Amino acid sequence: QVQLVESGGGLVQAGGSLRLSCTASGSVSSINVMGWYRQAPGKQRELVATTTSGDNTNYADSVKGRFTISKDNAKNTVYLQMNSLKPEDTAVYFCYGWYLRNYWGQGTQVTVSS
């Protein structure tokens, strides 16, 4: 079993920055993929960025060049640095992990005002 806890959401003006953190506990050494998804009101949950145990990263086209995913293996934590935020980035951001099944955090709200 894996538990994921996010932090770092909030309200920011367009053009600003936020950093999200997600700390994993449980069977963390087995996790193959960690990352972030987001869900805006009335929309489906969508991929933002992922990183693998082999340090391969993947980003949604809409965030490339603005968001950076990184991890600290010693802390079992994955980060999402979000720069040049836009109002369309407003969503609930969910931490994601995969080992034999999907794991999700509880979500953290990110609101970008224009």
Side-chain angles (χ1 to χ4, degrees):
Q1 289 292 319
V2 173
Q3 296 80 41
L4 303 172
V5 178
E6 305 105 331
S7 61
L11 172 65
V12 64
Q13 289 188 331
S17 299
L18 282 174
R19 189 177 80 157
L20 305 182
S21 301
C22 172
T23 299
S25 60
S27 302
V28 296
S29 61
S30 302
I31 299 174
N32 299 114
V33 181
M34 287 192 71
W36 297 91
Y37 282 67
R38 67 186 181 187
Q39 187 167 18
K43 295 187 177 181
Q44 290 188 330
R45 192 171 296 189
E46 64 176 6
L47 168 75
V48 177
T50 58
T51 182
T52 70
S53 55
D55 294 330
N56 295 310
T57 58
N58 182 45
Y59 293 91
D61 287 342
S62 59
V63 307
K64 283 181 181 177
R66 299 188 299 122
F67 291 10
T68 303
I69 190 169
S70 62
K71 59 183 178 178
D72 185 333
N73 292 325
K75 296 182 179 179
N76 298 323
T77 299
V78 63
Y79 303 97
L80 185 68
Q81 178 66 43
M82 304 185 293
N83 298 328
S84 302
L85 282 160
K86 305 175 181 180
E88 50 264 44
D89 294 317
T90 295
V92 177
Y93 284 69
F94 295 90
C95 183
Y96 166 79
W98 186 87
Y99 171 63
L100 300 182
R101 50 155 283 192
N102 295 325
Y103 292 92
W104 298 97
Q106 80 282 1
T108 185
Q109 177 71 46
V110 171
T111 303
V112 184
S113 63
S114 58

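Note that this is a predicted model, so its numbers are computed, not measured.
Scanning all heavy atoms of the two residues, the minimum distance from Trp36 to Val78 falls at CZ2-O, 3.9 Å. Tyr103 approaches Val2 most closely through the heavy-atom pair CD2-O, 3.3 Å. Across Ala24 and Leu4, no two heavy atoms sit closer than the pair CB-CD2, 3.6 Å.
Residue Phe94 is found in a hydrophobic cluster whose other members, listed by chain and number, are Val33, Tyr37, Leu47, Val92, Tyr96, Trp98, Trp104; membership requires side-chain heavy atoms under 4.5 Å apart, directly or through intermediates.
Between Ser17 and Asn83, the side chains place a donor N or O and an acceptor N or O closer than 3.5 Å (distance only, hydrogens not considered). Thr23 and Thr77 share a donor-acceptor pair across their side chains, judged by distance under 3.5 Å alone. Between the side chains of Gln3 and Ser25, at least one donor N or O lies within less than 3.5 Å of an accepting N or O.
Looking at heavy atoms from C-beta onward, Asn58 lies out of side-chain contact with Asn56 at the 4.5 angstrom threshold. Side-chain contact between Arg38 and Ser62: present, with at least one pair of heavy atoms (C-beta onward) separated by less than 4.5 Å. Using a 4.5 Å cut-off on side-chain heavy atoms (C-beta onward), Thr90 and Gln109 make contact. Using a 4.5 Å cut-off on side-chain heavy atoms (C-beta onward), Asp89 and Met82 make no contact.
Under the 4.0 Å criterion applied to side-chain N and carboxylate O atoms, Lys64 and Asp61 are assigned as salt-bridge partners.
Between Leu18 atom CG and Gln81 atom CD the span is 8.5 Å, to the nearest 0.5 Å. Once rounded to the nearest 0.5 Å, the distance linking CD of Gln13 with OG of Ser114 reads 9.5 Å. For the atom pair SG of Cys22 and CG of Leu80, the computed distance is 10.5 Å after rounding to the nearest 0.5 Å.
A donor-acceptor pair is defined here as one N or O able to donate and one able to accept, closer than 3.5 Å; no such pair exists between the side chain of Gln106 and the backbone of Val5. Here the side chain of Lys71 pairs no donor or acceptor atom with the backbone of Gly35 at under 3.5 angstrom.
Partner of Tyr79 under the side chain to side chain contact (heavy atoms under 4.5 Å, CB included) criterion, chosen from Leu20, Thr51, Asp72: Asp72.
Residue Met34 is not grouped with residue Tyr99 when hydrophobic side chains (ILVMFWY) are merged at heavy-atom distances under 4.5 angstrom, including chains of intermediate members.
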